[in-house]
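The next block holds one structure in the form of structure tokens; read it before the comments.
We name chains A, B, ... by the order of the sequence lines, and we start the count at 1 in each one. Bear in mind that the values here come from a model prediction, so they are computed numbers and not experimental data.
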Amino acid sequence: MPEGPSIVILKEELAPFIGKKVTAVSGNSKIDIARLEKKKLTNIKSWGKHLLLCFSGFTVRIHFLLFGTYRINETKESPPRLHLQFSKGEINFYACSIIIIDEPLDERYDWSRDVLSKAWDPKKAMASLNEIPQTLVCDALLDQDIFAGAGNIIKNEVLFRIKVHPASKVGKLPLKQKKDLIKEAVKYSFDFLEWKKAYVLKKHWKVHTKKTCPRCHIPLKKEYLGKTHRRTFFCENCQVLYK
DNA sequence: ATACATGTTGGAGC
DNA sequence: GGCTCCAACATGTA
């Protein structure tokens, strides 16, 4: 479910509920659910993998982690973490992390860090990368403070596209590769978005979950790299190790 | 059917 | 304080 583009798709799917009043609310979330009762959903935003349901004076933040799911105008067997009933239609969230944010969102979120935001600022990303020369690029791409919304699929595909080995140190990357990293993190995220919408995302994976390099046809490596130990697919031949 | 996976947090230990 | 490791959460898929 997660990765930023999937959240953007959800945000778009939920747009018809903006301006509508919550007529009933329930769920097993530990947040003070009653606060949503009779409140109008004023807006829906996203920041990276965060879905933000805006109400007057507070925001409900949904994070789907690894297993979270949702249903719009239908339900699943399992009890919803949060059920929002409207006079026409309903939204159900399952197995996700939910919190209420009481401060203004602009104080909590730096929109220029969201790879899918219009406010995305590549210069800030470059400045952040320059502060972490010892970090491996596979970890840097998953750093939500730098590339909010990028996930493990995006990580693997971006590094293959720019021909950089995941265990390369950020500080050892030539300027060209660093610029490519930033540019492709955004570009691939938008490709991901379009492919996901068209239900053809997996078809376009070059290395993620793959066995053979589509470029040179040797077997791909699958290793658990970086401090996050997330599975990493790469081609030893096509992706240069800068260390 | 057992293990794993598009993710994050908090706590322990060093 | 910072870093790493680990458990916890929870569910569809192979």
Side-chain angles (χ1 to χ4, degrees), chain A residues 1-11 13 27-31 46-52 60-71 74-83 92-101 108-109 113-116 128 131-136 138-161 166-167 169-171 184-186 188-211 220-234:
Chain A
M1 167 66 221
E3 301 227 20
S6 301
I7 302 304
V8 170
I9 290 169
L10 170 57
K11 177 173 65 174
E13 287 177 332
N28 57 24
S29 167
K30 67 220 164 303
I31 65 164
S46 64
W47 181 88
K49 300 163 190 167
H50 299 206
L51 177 73
L52 302 163
V60 175
R61 189 218 67 182
I62 312 278
H63 196 304
F64 290 96
L65 301 171
L66 214 45
F67 308 126
T69 53
Y70 63 91
R71 292 290 185 276
E74 50 184 71
T75 58
K76 293 209 315 167
E77 293 285 317
S78 51
R81 177 107 338 132
L82 181 65
H83 160 80
N92 295 294
F93 296 106
Y94 305 86
C96 51
S97 163
I98 302 180
I99 62 167
I100 289 183
I101 296 173
R108 173 77 70 112
Y109 293 106
R113 298 296 188 166
D114 180 350
V115 295
L116 289 164
S128 294
E131 286 171 7
I132 53 166
Q134 295 302 318
T135 299
L136 304 188
C138 59
D139 286 331
L141 261 174
L142 292 175
D143 187 335
Q144 300 299 295
D145 292 331
I146 304 176
F147 297 104
N152 207 37
I153 298 170
I154 292 174
K155 175 196 82 179
N156 285 324
E157 295 295 314
V158 164
L159 291 174
F160 179 73
R161 276 188 173 188
K169 287 217 176 99
V170 170
E184 283 301 328
V186 174
Y188 186 82
S189 294
F190 278 100
D191 286 344
F192 184 126
L193 177 61
E194 293 313 309
W195 289 332
K196 178 104 184 175
K197 278 182 182 174
Y199 305 101
V200 293
L201 177 64
K202 288 186 188 183
K203 191 174 88 179
H204 286 89
W205 288 346
K206 301 288 189 193
V207 292
H208 189 74
T209 72
K210 301 298 180 185
K211 298 269 192 250
L220 288 170
K221 286 279 178 188
K222 175 191 170 188
E223 291 177 10
Y224 292 80
L225 300 180
K227 64 181 180 199
T228 50
H229 308 135
R230 302 295 300 281
R231 64 178 180 160
T232 307
F233 298 87
F234 61 98

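Judged by the 6.0 Å and 45° rule, A:Lys210 forms no cation-pi pair with A:Phe233.
Using C1' as the reference atom, C:dC5 and B:dT6 are 23 Å apart when rounded to the nearest Å. Nucleotides C:dA7 and B:dC4, compared at atom P, are 14 Å apart to the nearest Å.
Side-chain atoms of A:Asn28 and A:Arg81 form a donor-acceptor pair, as typed in the model, at a separation below 3.5 Å. For the residue pair A:Arg231 and A:Thr209, no side-chain donor N or O sits within less than 3.5 Å of a side-chain acceptor on the partner.
Salt bridge A:Asp143/A:Lys155: absent, no basic N to carboxylate O contact under 4.0 Å.
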Practice prompt. List the steps, then state whether side-chain contact (heavy atoms from CB on, under 4.5 Å) holds for A:Tyr70 with A:Leu10.
Written response: CA-CA 9 Å; A:Tyr70 63 91; A:Leu10 170 57; 3.3 Å; yes

Worksheet item: Hey, mind stepping through A:Thr228 and A:Asp139 against side-chain hydrogen bond (donor to acceptor under 3.5 Å, both in side chains) and telling me if it holds?
Response: CA-CA 7 Å; A:Thr228 50; A:Asp139 286 331; 3.3 Å; yes

For nucleotides 5-7 of chain C, print each protein N/O atom paired with a nucleotide N/O atom at under 3.5 Å, atom names and distance only.
| from | atom 1 | to | atom 2 | distance (Å) |
| --- | --- | --- | --- | --- |
| C:dC5 | OP2 | A:His229 | NE2 | 3.2 |

Nucleotide N/O of nucleotides 9-14 of chain B paired with protein N/O under 3.5 Å:
none

Worksheet item: Nucleotide by nucleotide, 5' to 3', does protein get under 4.0 Å of the base (B), only the sugar-phosphate (S), or neither (-) in nucleotides 8-14 of chain C, counting heavy atoms?
Response: --BBS--

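A search for side chain to side chain contact (heavy atoms under 4.5 Å, CB included) contacts involving A:Lys197 returns A:Ile9, A:Glu12, A:Leu193, A:Glu194, not counting sequence neighbours. Every residue was checked against the ring-ring contact (aromatic ring centres under 6.0 Å, His included) condition with A:His83, not counting sequence neighbours, and none meets it.
Look at CG on A:Asp143: it is 11 Å from P on C:dC3, rounded to the nearest Å. Residue A:Ile154 contributes atom CD1, which lies 8 Å from atom P of B:dG7 at whole-angstrom precision. Rounded to an integer number of Å, the gap from CD1 of A:Ile99 to P of B:dG7 is 18 Å.
The closest side-chain heavy-atom distance from A:Ser97 to A:Phe64 is not below 4.5 Å. Between A:Leu52 and A:Tyr109 there is a side-chain heavy-atom pair separated by less than 4.5 Å.
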Worksheet, complete the sentence: Base-pair string, DNA chain B, Watson-Crick plus G-U, cut-off 3.5 Å on both distances, | for inter-strand, is .||||.||||||||

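At B:dT8, one or more side-chain N or O atoms of A:Lys49 fall inside 4.0 Å of OP1 or OP2 (strictly under the cut-off). For the OP1/OP2 pair of B:dC4 and a distance below 4.0 Å, the side-chain nitrogens and oxygens of A:Tyr224 include no atom meeting the criterion.
Not a single donor-acceptor pair under 3.5 Å links the side chain of A:Glu157 to the backbone N or O of A:Trp205. In terms of modelled atom types and a separation under 3.5 Å, the side chain of A:Glu3 and the main chain of A:Lys49 share no donor-acceptor contact.
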